[in-house]
> 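Encoded as structure tokens, here's the structure I'll be asking about.
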Amino acid sequence: MTDVENGAEPGVRDIVERISSGKTTAVATTRAALARVDALNPRINAFTAITRERALAEAAEVDARRAAGRDPGPLAGVPYGVKNLFDLAGLPTISGSRIDAERPAAARDATLVERLARAGAVCLGALNMDEYAFGFSTQNHHYGPTRNPHALDRVAGGSSGGSAAAVAARMVPLTLGSDTNGSIRVPAALCGVFGFKPTYGRLPRTGARLFAGSFDHVGPLARSVADIAATYDALQGPDDADPACAHRPGEPVSPHLGRGAEGLRIALADGFDASAVPEAWAAAERVASALGVRRRIKLPEVARARAAATIMTAAEGAELHLSDLAARAADFDPITRGLFLSGALVPAVWYVRAQRFRRWYCAEVCRLFGDVDVLLAPATPYPAFRIGESEVELDGEGVNASAHLGVFSQPLSFAGLPTLAAPVAGGGPLPLGVQVFAARWREDLVLRVAAEAEAARALLAPAAPAHNEVA
Amino acid sequence: MVPTSAEEIESYVAETARILGIRMDAADQAVVVSLFGLLARKAEALMAHELSETIDAGAIFHMPRERDG
């Protein structure tokens with residue numbers, strides 16, 4: 001059953017089908033999406049800029065292409081938004097900051113935005129985030145918190161919180177985010193949507209503000225595996241302007257989604273040094289059970305991987321902002337100011353040791369995939385906490401509510417592994433997610449297994465109450 | 001190599017910030033000392049892990065290219 005038949009807001013493929021077949025137009029679809037953004041954004045605070053004129057012009061171009069008998073593109077008329085660290089021509093790329101809001105407007109779009117435009121997608125605007133992507137909760141001091149569409153008094157997760165909330169609230173069916181230590185996967189899990197971080201180096205970051213260059217990934221958020229796959233296929237391809245982007249041709253995954261998980265070796269990943277609510281593991285175990293998975297595999301040295309990732313991202317991020325930290329520290333978000341200042345003081349030997357450890361860890365993880373194809377793990381240790389809450393109690397001890405959200409995601413991005421965060425069906429009122437991950441460059445396996453779990457109804461992006469109020 | 005005691009961290013933070021030209025008020029300094037203390041504990045755990053000297057830190061920067069399958 002399609003989203004439209006199901007009475008829900010249409011997803012990526014539904015929109016493409018309806019526009020390509022002439023059942024509706026891109027302009028009508030865009031107007032409807034803009035109306036939803038206007039109605040919902042005052043409560044959710046996902047969008048920080050709405051590019052109304054641009055959206056309607058792009059939609060008209062899609063309709064014109066179709067009317068002229070030309071292919072309107074694989075994402076024809078799909079409305080989307082981007083985390084506000086992606087360049088959009090004519091807008092300052094604010095990256096959740098006050099400082100960058102003063103910089104000149106971007107002269108051109110980020111590479112991924114150009115690719116989405118070429119595919120026929122329609123850009124509705126820019127989305128809220130933690131300042132400079134340093135955080136897991138999108139409680140932005142300058143632009144306000146993004147609220148979780150499933151419970152407006154709770155965080156959306158971060159740092160791509162606006163990207164996840166906009167999809168969860170059905171404002172748009174598709175967004176782009178960035179992920180350094182979990183910044184696509186954490187908000188996707190807390191908001192009950194799918195968020196995909198491909199292999200490090202797969203998608204170009206040209207025109208996206210970096211947080212920590214040796215960790216930064218970019219990728220899509222949407223409401224189904226097939227929508228993620230269709231978008232990912234349109235985004236792939238080399239880009240010499242990003243030195244980290246691999247010289248690999250596009251390797252489309254959509255044609256493989258129907259192949260199922262038969263014959264794949266799948267296991268639940270263990271070894272995380274992470275306290276978590278029992279429901280977080282129970283969610284991952286439900287997905288494992290739906291796939292008939294009973295095997296567990298221990299990841300090596302996960303706690304040290306997280307330690308090394310924390311040291312390196314703090315140092316790399318601080319180095320990018322050193323001149324502003326020296327000249328105008330008071331203009332930073334108070335939370336990120338402290339994090340960047342402490343990162344600026346990291347001794348070089350810590351950084352280099354962390355980098356050498358990373359080499360060792362990547363080799364160990366690579367070896368692990370000689371014995372297994374796809375692994376599952378919780379996405380976060382708990383569901384969304386209340387806005388303003390600084391600690392969460394686990395096993396009788398308080399943990400930093402925001403920082404601890406990355407315990408399951410950080411060790412995977414540390415090795416650059418392709419990972420999907422997916423919403424697990426059948427839990428409580430607040431969403432929880434599972435991570436599905438594989439060896440580098442095996443995005444196809446990740447999405448095949450996720451498609452199988454989705455077909456078994458173990459994965460589902462639930463409608464949020466905030467969406468129902470408007471629908 | 002790794003400042004660990006509260007005094008060592010406080011002194012290290014103040015001196016390194018001065019060298020980098022970063023000025024902090026007392027409130028910021030207290031936050032940074034606390035956060036740097038957390039990083040120091042992570043670094044301590046990391047330094048305790050024995051690594052062969054043949055492991056090349058620079059190699060990681062070539063990770064995304066066509067290597068690794």
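Numbered from 1 within each chain, the chains take letters A, B, ... in sequence-line order.
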> With rounding to the nearest 0.5 Å, note down the distance linking CG in B/L46 to CZ in A/R306.
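Going from the CG atom of B/L46 to the CZ atom of A/R306 covers 14.0 Å.
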> So which atom in B/K42 and which in A/A307 form the shortest heavy-atom distance, rounded to 0.1 Å?
CB-CB, 3.7 Å
> As an exercise, state the distance from CG of B/L35 to CZ of A/R337, rounded to the nearest 0.5 Å.
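Going from CG on B/L35 over to CZ on A/R337, the span is 11.5 Å.
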> Among all residues two or more places apart in sequence or in another chain, which pass the side chain to side chain contact (heavy atoms under 4.5 Å, CB included) test with A/I184?
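For A/I184 the side chain to side chain contact (heavy atoms under 4.5 Å, CB included) partners, ignoring immediate neighbours, are A/S160, A/D179, A/L221.
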> Rounded at 0.5 Å granularity, tell me how far OG in A/S342 sits from CD1 in B/I9.
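Answer for the OG-CD1 pair, A/S342 versus B/I9, is 11.0 Å.
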> Chain B contacts: which residues in residues 322-336 of chain A have a non-hydrogen atom closer than 4.5 Å to it?
A/L322, A/L325, A/A326
> A side-chain contact here means heavy atoms from C-beta on lying under 4.5 Å apart; do A/R359 and B/L51 qualify?
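A side-chain contact under 4.5 Å is absent here.
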> Answer yes or no: is there a side-chain heavy-atom contact under 4.5 Å between B/Y12 and A/L345?
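SC-SC contact between B/Y12 and A/L345 confirmed.
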> Could you tell me how the ring of A/F357 sits relative to the ring of B/H49: parallel (under 30°), tilted (30 to 60°) or perpendicular (over 60°)?
perpendicular
> Pick from B/I55, B/V31, B/T16, B/D25: which one has the most heavy-atom pairs with chain A under 4.5 Å?
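Heavy-atom pair counts peak at B/I55.
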> Using heavy-atom distances under 4.5 Å, tell me whether B/A48 contacts chain A through its side chain, its backbone, both, or neither.
both
> In terms of heavy-atom proximity below 4.5 Å to chain A, should B/S34 be classed as side chain, backbone, both, or neither?
neither
> Using a cut-off of under 4.5 Å for heavy-atom pairs, which of A/A363, A/G338, A/G213, A/A439 has the most such pairs with chain B?
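Answer, by heavy-atom pair count under 4.5 Å with chain B: A/G338.
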> What heavy-atom pair brings A/V349 and B/M47 nearest, and what distance separates the two atoms?
O-CE, 3.7 Å
